[in-house]
Every structure is written in structure tokens, then in C-alpha cells.
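Below is one structure, written out as C-alpha cells, with a few remarks after it.
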Amino acid sequence: GQQVMQIPQYQHVQEGEDFTTYCNSSTTLSNIQWYKQRPGGHPVFLIQLVKSGEVKKQKRLTFQFGEAKKNSSLHITATQTTDVGTYFCPGAGTALIFGKGTTLSVSS
Amino acid sequence: DAGVIQSPRHEVTEMGQEVTLRCKPISGHNSLFWYRQTMMRGLELLIYFNNNVPIDDSGMPEDRFSAKMPNASFSTLKIQPSEPRDSAVYFCASSLGGSKSQPQHFGDGTRLSIL
């Protein structure tokens, strides 16, 4: 079945450092979504990528969809304490798999 | 606009008791999802409805779990009998469209503790 692996599972950074999380799928994805869940909160939709090689930006966040539509990344420039949370990248296909995501902690 | 509404927010009960979680999706959304989140397993899809019909229940752990959607504005997830390993946060989400590739809107979740 479809597998979507997200790395790293945990990342701690100092405020102001950059951060990147990666998602890799064993199969081609029709699209990939990114969600953020703050501690104690619920997942919130951030963005959806559909096209091969697509790059989208939201302020300090840059989202990328691979050329083969099998991988994606989220890069945060100059992290802030408000970026703390867990980031998920479910990919559409036979199942929408959230898994454990990547949990980011930021120290000031 | 009201988002996805879940109740109760917290539930503490003894093992063996029946537990019923409730969800009201966003008006106009025709897909509804139930998820369970634990530290060990992350966020898992339990069941997915489209137009009130269960489409994929492969994530439902066992016969103790059942879900219904009697109409477009209400769904329940029932656990009977409950066990301590069912302790988790249960989320309901809804989306527009008939596929699982539309953005999902999550409720605040029900934090369930089975003693």
C-alpha cells in the first residue's frame, strides 16, 4: 500500500534558525497537503500542491512538490516561537495518511 | 461561520462503558472523517463518509468501534465496550467534494480517557 514517510520526526532549533521537513512517498501523488497542529490544538490546513515541481510561499514558509510528485518539503526561514507545532503532509492517493508528522520546537 | 463542532471536549469513563462521540460538520461539506491521535501511532484515519455513506472503514480498529452518519449534519463514533487502550484524542474533520484530496477542516477534538 501507499507509504508516506516524513522526516525528521522531531526537530529543535534556536529562534532565527531555518527548518526543513521532508515527505517521501512510495507512489506518485495526485497532490499533497500540508497541515500544522499547535500543541493542544487541531490540525489546520496550510496549503495544497498539485503540479509537478510546484513551489509556493506563505511569508517565511516555502512549500515544494517534487518533479516526480513523490516528495515534498516545507522550509521555514528564520523560525519564530509561533512556528512551534507538528507539521503533517498527507498525500492524496488510496489513503490520506497523516502519521506522526514532524514536531518542531523553538527556543528563544 | 461555524467550524466543525465536536462534543464532548473531554470524556473520562471507566473501562467497559459505552462511549459516544459526536460531530457536526461544516454546513455544505459532504465528506466527513473520523481520526484518532496518540503519541505512539500519530494521527490515524478511522473512517471516511461521503454523502452520509461510509466509503472507507479500513482504519476502524475492531468491532468495538462503530460510526454512523444518519444525515448530512451529524455523525457519531461509538466505542462499546471501551478499553484503556482506546484513550486518545479523537478528531472529526469535514471537506467539500467526494474525494479525500480536498482540504479538511478539523474540529477541536474529544480527549478520551478510559480508566
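Throughout, protein chains are lettered first and strands after them, A, B, ... in sequence-line order, and every chain is numbered starting at 1.
- A continuous path of ILVMFWY side-chain contacts below 4.5 Å connects A:Leu49 to A:Leu29, so both sit in one hydrophobic cluster.
- The nearest pair of heavy atoms linking B:Pro103 to A:Gln33 is N-NE2, 3.7 Å.
- Clustering ILVMFWY residues whenever any of their side-chain heavy atoms sit less than 4.5 angstrom apart, transitively, puts B:Val12 in a cluster other than the one holding B:Met15.
- In terms of heavy-atom pairs under 4.5 angstrom with chain A, the leader among B:Leu43, B:Asp108, B:Thr38 is B:Leu43.
- Contact record, B:Phe91 with A:Gly41: CZ-O, 3.7 Å, taken as the closest heavy-atom pair.
- Residues A:Phe98 and B:Phe106 bring their aromatic ring centres within 6.0 Å.
- Clustering ILVMFWY residues whenever any of their side-chain heavy atoms sit less than 4.5 angstrom apart, transitively, puts B:Ile114 in the very cluster that holds B:Leu21.
- Between A:Lys100 and B:Met39, the shortest heavy-atom contact is CE-O, 3.8 Å.
- B:Tyr48 and B:Tyr35 fall within the same hydrophobic cluster, defined by Ile, Leu, Val, Met, Phe, Trp and Tyr side-chain heavy atoms under 4.5 Å apart, directly or through other members.
- Both A:Val13 and A:Ile76 are assigned to one and the same hydrophobic cluster, defined by single-linkage of ILVMFWY side chains at heavy-atom distances under 4.5 Å.
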